[in-house]
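Okay, structure first, notes after.
In each ligand, atom 1 is the first atom listed, and ligand 1 is the first ligand listed. Owing to the predicted nature of the structure, the values given are computational and were not obtained by experimental measurement. As a basis for the values below, the full set of heavy atoms in this structure was taken, side chains included, without hydrogen atoms, waters or symmetry mates.
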Amino acid sequence: MKVLVTGATGFLGKLLVAQLLAQGDEVHYVTTNASKIKNAKGVWGFVWDPAAGSIEPKALEGVDVIYHLAGATVSKRWTPTYKEEILDSRIQSAATLYLALQKGNHQVKQFISASAVGGYVSSETAQYTEADMKHNPSFLGQVVEAWETAADQFEQLGIGVTKIRIGLVLSELGGALPVMMKPISLGAGAVFGTGKQYYSWIHVEDLIGLFCFVKNKRLLGAFNGVGDRPETCRDFTVVLAKKMHRPLWLPAVPGWVLKTVLGEMAAVVLESQNVSNDKIKQAGFGFKYQTLEAALEAILSKE
Ligand SMILES: NC(=O)c1ccc[n+]([C@@H]2O[C@H](COP(=O)([O-])OP(=O)(O)OC[C@H]3O[C@@H](n4cnc5c(N)ncnc54)[C@H](OP(=O)(O)O)[C@@H]3O)[C@@H](O)[C@H]2O)c1
């Protein structure tokens, strides 16, 4: 099968491409930066410029499935200009693909988009299934709403749409974990805010497996990309420090301090989303890492 991946040069994209190749798929990918193109056996890179709506037409030739992972990182200070980039990078890129497919002949059957659990309304008591997406009024909620709306539009082209609402991805290679580990390794780790907010984590191997599973099984609709047992920030931090054999003695960092230091972006660590993975499990997906302890042990043993 031939697959096109956007955001293929990023943390998750690189791992996804490696897994797709390992299972025998051919991969096209698009990048905004021509110097990142490195063609290898079974992989071809192309340039696109979503802000200008342009994409090399060959990128879509013979493609059966598109994975849409491109998007400016949310882990950078949210100035008004950067907030526009976070939103535009996801929406304009989807629109560029949509228009290219609308214009030409294509054989794309499935569009699989990254999304995020940050779209669910922050709550320390609710447990959310995919049907509970009412959209968080926060900036991240607005991004998720626009991102998923852009994905859903592909249905108008007769293409099946799948949205993976990704949680806190655990890996030694990227994402939030190495950033969370740094203060703990220095003996300066602390719980954020009340510590009662839920983090719905997933081991990166399970997430990449899940991305492949929805393609191989042609599963459409929204799926939460989270592991079995979301943990509160307090429990998550305590387990992480324990697994790192580091003390956790500082008092919690109050939410207002985080908001002063990080601005609106503090929402990333202060908001609470306790999200269920029942739907993907009922579809037959088996998780390799069922507890935070097991996931962290596997990751820390590679460090
Ligand atoms: N990692 C997580 O924990 C997590 C959690 C929830 C959701 N997600 C979502 O999953 C997707 C992949 O995450 P990731 O961690 O792999 O992200 P990443 O490492 O930051 O990579 C994102 C990719 O998007 C492309 N990109 C960046 N800015 C862009 C722009 N302005 N216009 C077009 N493309 C741009 C880049 O590709 P080029 O430079 O090659 O163009 C980059 O390789 C993202 O949409 C992210 O929001 C991730």
Near [X] [atom1], under 6.0 Å, is it more than 12 heavy atoms from other residues, nucleotides or ligands?
| X | atom1 | answer |
| --- | --- | --- |
| K83 | NZ | yes |
| K196 | NZ | no |
| N39 | CG | yes |
| K259 | NZ | no |
| R246 | CZ | yes |

Heavy atom to [atom], shortest distance: which of [options] holds it?
| atom | options | value |
| --- | --- | --- |
| atom 20 (O) of ligand 1 | I164, T73, L207, L177 | T73 |
| atom 32 (N) of ligand 1 | S89, G118, S75, A116 | S89 |
| atom 42 (C) of ligand 1 | T9, I37, V204 | T9 |
| atom 25 (C) of ligand 1 | A176, G225, S171, G71 | G71 |
| atom 5 (C) of ligand 1 | S115, G175, G167, G10 | G167 |

Structural part of [X] in contact with ligand 1, heavy atom criterion under 4.0 angstrom:
| X | result |
| --- | --- |
| Q92 | neither |
| A8 | neither |
| W201 | neither |
| A70 | both |

Atoms in ligand 1 flagged as close to [X], the criterion being non-hydrogen separation under 4.0 Å:
| X | value |
| --- | --- |
| T31 | 38 (P), 40 (O), 41 (O) |
| V169 | 2 (C), 3 (O) |
| E85 | 31 (N) |

Geometric class of the Y289/H203 ring pair [parallel <30°, tilted 30-60°, perpendicular >60°]
parallel
Can you confirm, on distance only, whether ligand 1 has an N/O atom lying under 3.5 Å from any N/O atom belonging to [X]?
| X | answer |
| --- | --- |
| L69 | yes |
| F11 | yes |
| W147 | no |

Decide if the gap between the ring center of Y29 and the ring center of F46 is smaller than 6.0 angstrom.
no
Distance-only check: which donor-acceptor pairs under 3.5 Å involve side-chain atoms of residues 115-123, not counting sequence neighbours?
{"unit_1": "S115", "atom_1": "OG", "unit_2": "E148", "atom_2": "OE2", "d": "2.7"}
{"unit_1": "Y120", "atom_1": "OH", "unit_2": "T129", "atom_2": "O", "d": "3.4"}
{"unit_1": "Y120", "atom_1": "OH", "unit_2": "R165", "atom_2": "NH1", "d": "2.9"}
{"unit_1": "Y120", "atom_1": "OH", "unit_2": "N224", "atom_2": "OD1", "d": "2.8"}
{"unit_1": "S122", "atom_1": "OG", "unit_2": "S272", "atom_2": "N", "d": "2.9"}
{"unit_1": "S123", "atom_1": "OG", "unit_2": "T125", "atom_2": "N", "d": "3.1"}
{"unit_1": "S123", "atom_1": "OG", "unit_2": "T125", "atom_2": "OG1", "d": "3.3"}
{"unit_1": "S123", "atom_1": "OG", "unit_2": "A126", "atom_2": "N", "d": "2.9"}

For residues 138-147, tabulate all N or O donor-acceptor pairs below 3.5 Å that involve a side-chain atom, not counting sequence neighbours.
{"unit_1": "S138", "atom_1": "OG", "unit_2": "N136", "atom_2": "OD1", "d": "3.1"}
{"unit_1": "S138", "atom_1": "OG", "unit_2": "N136", "atom_2": "ND2", "d": "3.3"}
{"unit_1": "S138", "atom_1": "OG", "unit_2": "G141", "atom_2": "N", "d": "3.3"}
{"unit_1": "Q142", "atom_1": "NE2", "unit_2": "P137", "atom_2": "O", "d": "3.1"}
{"unit_1": "W147", "atom_1": "NE1", "unit_2": "A114", "atom_2": "O", "d": "3.4"}

